[in-house]
Asker: 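Before we start, here is the structure in question, set down as structure tokens.
Only this structure's heavy atoms are used, side chains among them; waters, hydrogens and symmetry mates stay out. In what follows, every chain begins at residue 1, and chains take the letters A, B, ... in the order their sequences are listed.
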Amino acid sequence: MEKRDYFEEVYEVVRQVPPGRVTTYGAIAQFLSLRAGARMVGWAMNGCHARPDVPAQRVVNRVGVLSGKHFFGTPTRMQELLEVEGVRVNDDRVVEFQKLLWDPSIELTI
DNA sequence: AGAGTGACTGGCT
DNA sequence: GAGCCAGCCACTC
């Protein structure tokens, strides 16, 4: 193992996502110059088990679907976590997802 | 070394 | 909006 180089970068970005907002794998990948590695972002999130401080529920796919909800303890865990933060979820999709979208390459300045 | 898989995306239908 | 296909990189067997 020990290959969590860009993993840490992904975690750092996700960690900076403000509550009540969501981001996409593609946005993170593009921000980290890993555009072709959007899937890798998801794979990186696979290691979120060792990073409880990473709000993976705020990371959804490009259409706002909670594609990773299955990886949470329960199928509704991710949705509830988002709703608690004020993010409305309908049929596993984030309501007004585009409005709640938080793009690191635009809103975040490093 | 080769093939399969995956928390994705873009384009087209 | 929803579905299908192809491209991409990393990891596992």
Asker: Mind calculating the distance between CH2 (A/W43) and C1' (C/dC11) to the nearest angstrom?
Answerer: 6 Å
Asker: Rounded off to whole Å, could you give me the CZ-to-P distance for the A/R39 and C/dC5 pair?
Answerer: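 Between P of C/dC5 and CZ of A/R39: 15 Å.
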Asker: Measure from the side-chain heavy atoms of A/M40 and tell me the nearest of B/dA7, C/dA10, C/dG7.
Answerer: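 Nucleotide nearest to A/M40's side chain: C/dA10.
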Asker: Nearest whole Å is fine: how far is C/dA10 P from A/Y6 OH?
Answerer: 6 Å
Asker: Suppose we screen for side chain to side chain donor-acceptor pair (under 3.5 Å). Which residues come up paired with A/D91, at least two apart in sequence or across chains?
Answerer: A/R93
Asker: Check this for me: does the side-chain of A/R93 come within 3.5 Å of the base of C/dG1 through a donor and an acceptor?
Answerer: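 Not at all, since no donor on one side and acceptor on the other fall under 3.5 Å apart.
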Asker: Using whole Å, report how far CZ of A/F7 lies from C1' of C/dA10.
Answerer: 8 Å
Asker: Quick one: list whatever passes salt bridge (Lys or Arg N to Asp or Glu O under 4.0 Å) with A/R88, sequence neighbours left out.
Answerer: A/E96
Asker: What is the distance, to the nearest angstrom, from the CG atom on A/L32 to the P atom on C/dC9?
Answerer: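 Rounded to the whole Å, the gap is 16 Å.
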Asker: Which nucleotide in the list C/dA10, B/dA7, B/dT9 gets nearest to the side chain of A/T24?
Answerer: B/dT9
Asker: Roughly how many Å is it from CZ in A/F71 to P in B/dT5, rounded to a whole number?
Answerer: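 Going from CZ in A/F71 over to P in B/dT5 covers 15 Å.
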Asker: Mind checking side chain to side chain donor-acceptor pair (under 3.5 Å) for A/N46 and listing every partner two or more places apart, or none if nothing turns up?
Answerer: none
Asker: Measuring from the side chain of A/A38 (C-beta onward, heavy atoms only), which nucleotide among B/dA7, B/dC8, C/dA10 has the closest atom?
Answerer: B/dC8
Asker: Rounded to the nearest 0.5 Å, what's the gap from CG on A/L66 to CG on A/N61? Could you check?
Answerer: 8.5 Å
Asker: Let me have DNA chain C in dot-bracket notation, would you? Count Watson-Crick plus G-U wobble pairs, both distances under 3.5 Å, and use [ ] for pairs crossing earlier ones and | for inter-strand partners.
Answerer: .||||||.|||||
Asker: Take atom CG of A/D91 and atom P of C/dG1, then tell me their distance rounded to the nearest Å.
Answerer: 12 Å
Asker: Report, one line per pair, each donor and acceptor closer than 3.5 Å where one atom sits in a side chain of residues 70-77 of chain A; sequence neighbours left out.
Answerer:
{"unit_1": "A/T74", "atom_1": "OG1", "unit_2": "A/R77", "atom_2": "N", "d": "3.2"}

Asker: Applying side chain to side chain contact (heavy atoms under 4.5 Å, CB included), name anything that partners A/E12, two or more places apart in sequence or on another chain.
Answerer: A/Q16
Asker: Residues two or more places apart in sequence or in another chain: which of them pass side chain to side chain contact (heavy atoms under 4.5 Å, CB included) with A/P55?
Answerer: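 Only A/V14, A/Q57, A/R58 meet the side chain to side chain contact (heavy atoms under 4.5 Å, CB included) criterion with A/P55.
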Asker: Salt bridge (Lys or Arg N to Asp or Glu O under 4.0 Å) with A/D92: which residues, sequence neighbours excluded?
Answerer: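 So A/D92 forms a salt bridge (Lys or Arg N to Asp or Glu O under 4.0 Å) with A/K69.
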Asker: Using a 4.0 Å cut-off on heavy atoms, which residues in residues 55-67 of chain A reach DNA chain B? List them by number, or say none.
Answerer: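 Those residues whose heavy atoms fall under 4.0 Å from DNA chain B, taken from residues 55-67 of chain A in numerical order, are A/A56, A/N61, A/R62, A/S67.
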Asker: Hey, could you give me the OG/CZ distance between A/S67 and A/R62, rounded to the nearest 0.5 Å?
Answerer: 11.5 Å
